[in-house]
Every structure is written in C-alpha cells, then in structure tokens.
**Student:** 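Below you will find the structure I want to go over with you.
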Amino acid sequence: MANQNLISLELDERIEAAARRLSMDRREFLQFCAALATTLGLPQGADAAVAEAVAVKRRPSVIWLHFQECTGCTESILRAEHPTLEKLILDIISLDYHETLFAAAGHQVEAARKTAMAENKGKYILVVEGAIPTKDGGVYCKIGGKTAIELVKECAADAAAVIAIGSCASWGGMPSTIPSIPGATSSPTGSSGVSQVLGKPVVTIPGCPPNPYNFLSTVVHFLTFGKLPEVDDKGRPKFAYSRLIHENCERRAHFDAGRFAMEFGDEGHRKGHCLYKLGCKGPETYANCSVILFGDAGAGTWPVACGHPCIGCTEQGVGFTKPIHTVAKLKNIEPSAFLPRIVEEKGVGATLGSAAVLAAVAGAAAGAGAMMAKNLGLSHQAEEMEKAKKDGSKATESTEV
C-alpha cells in the first residue's frame with residue numbers, strides 16, 4: 001500500500017521548489033527520496049522525513065580532503081546520475097572545500113577551507129579520501145605546508161562527523177601494502193587509515209572506488225536525522241555492508257549448482273558460470289555491489305557481472321592483501337563435493353568384450369552361489385542325520401534301563 005505521508009507531500013510547495021532545483025518533477029523527487037530511504041533500510045514513513053529534510057533543511061557543509069589516493073572515489077561521485085554531481089553539491093550538500101573540483105588554487109583554497117570551518121564550527125562533515133602517511137613524521141604528503149596528519153587532525157577537531165571514503169582512507173588500502181622484500185614490515189610511507197591517525201572510530205565507506213550512493217545515502221541520513229547511520233565493528237554503514245556480495249550475486253545459482261569457470265575464457269566463463277574457483281572474493285566480502293551496481297549504465301555494470309572476480313576491496317585483509325587467484329574463504333555455505341563439474345565424462349556403453357567378461361563373471365558368481373546353496377543344503381542334511389542318531393541312542397539307553 002502506498003505511503004500516505006509521502007503522497008501528501010506531493011502538493012507541498014517546498015517539495016515543488018526542491019524538485020525544480022534538482023531538475024525533477026515532484027513525483028520524480030519523491031521517488032528519489034523513497035529510493036534513498038529504501039537504500040538506508042529505513043522503516044515506512046521515513047521517506048517523507050527524507051523528502052522534507054532534503055527540501056527544507058540547511059545543506060550540510062562538507063570539507064573534503066585528499067591524501068594518498070588516485071582520486072577514484074571522487075571520479076565515482078562524478079559519475080553519479082541520481083542526482084548528478086552538480087545537483088549533489090549545489091542542492092543537497094555544500095561542498096566548501098575540495099582540491100580536485102575547486103577552480104581556485106593555492107592560498108585562495110586554503111582560505112576557503114578555514115572560512116567554511118569557522119562559519120560551520122561543530123556542524124560540518126569532514127570527508128577524507130586517501131590514506132595518511134605516518135612514517136618519518138608524515139613528510140610524504142603535504143598540503144599548504146602542513147602534513148596530512150596535521151590537516152586531518154585540525155579539520156576533525158570541530159567536525160560534526162568524519163567520513164572516510166574509499167579503502168585507502170578506511171584502513172590504508174593499496175598504499176598500505178607491504179612490499180615483498182626481505183625485512184619489510186610496513187608500506188614505504190607507513191600509510192594508515194583515518195581512524196588509526198585520529199585514534200577514534202569514524203564512519204568508513206570502503207571500496208576501490210566505493211559506490212557513490214553509499215556516500216550520498218550516508219550524508220542524507222545525517223541531514224535527515226542529525227546523526228550518521230548505524231555501523232558495524234569496522235565503521236561501515238550496515239545498510240550497505242551487512243550482507244555478503246555472494247548472497248545477491250547473479251552467478252549464485254551457478255555456485256549452488258556446482259557450475260564454475262575454471263579458466264578465463266573457458267566454456268564455463270563464457271556461459272556466465274560462478275567465478276569462485278578463479279578467486280572471486282564475493283563469499284567473504286561485505287558490500288552491496290551486486291545490488292546497487294555502478295555508473296547508472298544498466299544491469300551487469302560491476303566486475304563480477306563483467307566476468308572478473310571480485311577482489312574484496314571493501315574488506316580489510318582481503319582486498320590488496322590476498323592474491324586475485326587465491327580461493328576465497330567461504331563464510332556461510334560451501335559447494336557440495338558431489339555436485340557435477342563443468343565437463344563430466346560420459347559413458348560410452350558396453351563393448352562385446354566387456355559384456356562377455358561381465359557375463360562370465362556373472363555366470364561364475366551364479367555358479368558359485370548355486371554350489372554354496374547346494375553345500376549348505378548338504379550340510380543341513382548331515383546335521384539332521386547326526387541329530388537323529390543321537391536321539392536314537394538316547395532312546396535305546398532309556399529302554400534298557
């Protein structure tokens with residue numbers, strides 16, 4: 001049944017104004033808010049609260065820092081379509097500092113950051129993209145004469161919330177990988193996640209890159225309820241990272257049926273069979289990649305659907321740690337050992353020779369069985385005769401007495 005609270009907002013002037021700002025009609029705007037509420041796993045009626053928050057509440061100021069990264073997380077945001085980036089940063093959030101998207105540079109940018117922090121003290125959202133180098137005092141990443149360590153601590157001090165976007169910011173990601181050289185115990189720059197540097201939990205949205213709608217939904221939750229969504233023990237929002245990728249993968253039916261691709265390009269791979277034996281980390285990776293997809297390009301727009309195994313980029317200790325070809329650790333179910341393989345050997349029928357041998361064996365067995373039965377019969381007769389003799393002897397003895 002339709003949500004009456006949401007429908008009642010359709011004629012609200014504030015909703016109409018917000019829809020115009022987002023280049024949507026009112027119905028599309030309400031559908032957008034309902035989709036966000038559903039993504040967040042909110043109860044019935046929360047979609048109306050989301051709509052009112054987006055339409056009425058002051059846009060939260062966002063300070064976005066860049067450190068050791070490839071800017072892939074920002075590139076992912078750039079490709080969002082519902083809403084597009086310019087609508088996101090102009091109508092839903094106020095992006096007051098972002099080194100990649102700013103037209104200004106140098107002292108102007110730093111002045112904008114400090115102004116936004118001062119005017120929104122205790123109310124702005126700090127977003128960190130990229131790992132933070134900690135070795136040698138953090139000299140491997142400096143912005144405006146300050147190290148990444150100094151910047152993140154300065155900006156986090158008065159932030160209402162801190163969000164680490166991408167695997168690099170979440171726990172170090174690719175920059176934190178330890179080189180395979182004798183004696184190496186850390187990455188060359190000692191790259192760490194935001195939580196480690198600040199010494200306190202933060203909301204993490206891992207992925208390489210993460211889905212932009214996971215970030216958008218997190219911000220809208222903050223805008224609607226004044227707090228960040230519920231997170232797991234790794235700081236990941238539960239609405240996006242509470243289920244294994246494997247659970248909702250379109251190849252799951254092939255896994256359950258025992259149909260696996262054994263090599264890239266083989267028959268199973270061409271037919272879309274499960275990529276588990278090619279090293280897919282979906283069975284041990286928590287994320288919503290198989291549900292939300294990427295890039296608004298339609299179905300099949302995520303790695304596994306395109307034919308490449310999941311690398312587990314949202315899981316610390318899996319992505320950038322386990323080799324791609326290493327088989328995943330199954331967390332909830334294992335394929336049966338009795339399921340058929342991709343190519344099963346087929347029988348060719350009995351030849352005359354094998355039939356003759358079988359017949360001979362069967363005949364010998366039948367003969368042996370008959371002989372055994374015969375011997376059993378003889379043995380039984382002998383026992384009965386012996387018993388009769390004994391009974392006869394006892395009768396004679398008693399008569400004589």
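Residue numbers start at 1 and run along the sequence shown.
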**Student:** Within the distance-only criterion (no hydrogens, no angle test), does the side chain of Ser176 pair as donor or acceptor with the backbone N or O of Gly173 below 3.5 angstrom?
**Tutor:**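 Yes, Ser176 side chain to Gly173 backbone: donor-acceptor pair under 3.5 Å.
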**Student:** Using salt bridge (charged side-chain N to carboxylate O under 4.0 Å, His left out) as the criterion, list what pairs up with Lys121, not counting sequence neighbours.
**Tutor:**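 Checked Lys121 against salt bridge (charged side-chain N to carboxylate O under 4.0 Å, His left out); zero matches.
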**Student:** Could you list the residues that satisfy side-chain contact (heavy atoms from CB on, under 4.5 Å) with Pro182, not counting sequence neighbours?
**Tutor:**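 Residues passing side-chain contact (heavy atoms from CB on, under 4.5 Å) with Pro182: none at all.
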**Student:** Using the ring of each side chain (for Trp, its six-membered ring), is Tyr276 parallel, tilted or perpendicular to Phe260, with breaks at 30° and 60°?
**Tutor:**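 Plane angle between 30° and 60°, so tilted.
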**Student:** Is there a donor in the side chain of Asn248 and an acceptor in the side chain of Ser290, or the other way round, less than 3.5 Å apart?
**Tutor:**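 There is no such pair (donor and acceptor under 3.5 Å, judged by atom type) between the side chains of Asn248 and Ser290.
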**Student:** Could you give all pairs that pass the side-chain hydrogen bond (donor to acceptor under 3.5 Å, both in side chains) test and reach residues 177-202, with sequence neighbours left out?
**Tutor:**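 Sorted pair list: Gln68-Thr189, Gln68-Ser191, Lys135-Ser186, Thr189-Ser191.
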**Student:** Would you say CD1 of Ile178 has more than 12 non-hydrogen atoms from neighbouring residues, nucleotides or ligands within 6.0 angstrom?
**Tutor:**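 Result for CD1/Ile178: enclosed.
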**Student:** Go through the structure and list residues passing side-chain contact (heavy atoms from CB on, under 4.5 Å) with Lys142, not counting sequence neighbours.
**Tutor:**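 Residues passing side-chain contact (heavy atoms from CB on, under 4.5 Å) with Lys142: Thr147.
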**Student:** Not counting sequence neighbours, list each pair that qualifies as a side-chain hydrogen bond (donor to acceptor under 3.5 Å, both in side chains) and has a residue in residues 98-108.
**Tutor:**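 Sorted pair list: His66-His98, His66-Thr100, Thr74-His98, Tyr97-Glu99.
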**Student:** So, using salt bridge (charged side-chain N to carboxylate O under 4.0 Å, His left out) as the criterion, who are the partners of Glu119 when residues are at least two apart?
**Tutor:**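 Salt bridge (charged side-chain N to carboxylate O under 4.0 Å, His left out) check on Glu119 returns nothing, list empty.
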**Student:** Excluding sequence neighbours, so at least two apart, what forms side-chain contact (heavy atoms from CB on, under 4.5 Å) with Ala164?
**Tutor:**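 For Ala164 the side-chain contact (heavy atoms from CB on, under 4.5 Å) partners, ignoring immediate neighbours, are Ala169, Ser170, Val194, Val202, Thr204.
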**Student:** Keeping to residues at least two apart or across chains, list the side-chain hydrogen bond (donor to acceptor under 3.5 Å, both in side chains) pairs with something in residues 321-330.
**Tutor:**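 Residue pairs passing side-chain hydrogen bond (donor to acceptor under 3.5 Å, both in side chains), neighbours aside: Glu284-Lys322.
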**Student:** Which residues pass the salt bridge (charged side-chain N to carboxylate O under 4.0 Å, His left out) test with Arg270, sequence neighbours left out?
**Tutor:**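 By the salt bridge (charged side-chain N to carboxylate O under 4.0 Å, His left out) rule, Arg270 matches no residue at all.
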**Student:** Could you list the donor-acceptor pairs under 3.5 angstrom formed between side-chain atoms of residues 222-232 and any protein atom two or more places apart in sequence or on another chain?
**Tutor:**
from	atom 1	to	atom 2	distance (Å)
Thr224	OG1	Val220	O	2.8
Glu230	OE2	Lys238	NZ	3.0
Asp232	OD1	Lys234	N	2.9
Asp232	OD1	Gly235	N	3.1
Asp232	OD1	Arg236	N	2.8
Asp232	OD2	Arg236	NE	2.9
Asp232	OD2	Arg236	NH2	3.1

**Student:** So, using salt bridge (charged side-chain N to carboxylate O under 4.0 Å, His left out) as the criterion, who are the partners of Glu110 when residues are at least two apart?
**Tutor:**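 Arg113.
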**Student:** Tell me, please, which residues at least two apart from His269 pass ring-ring contact (aromatic ring centres under 6.0 Å, His included).
**Tutor:**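 Testing His269 for ring-ring contact (aromatic ring centres under 6.0 Å, His included), a comparison that skips the adjacent residues, returns Phe264.
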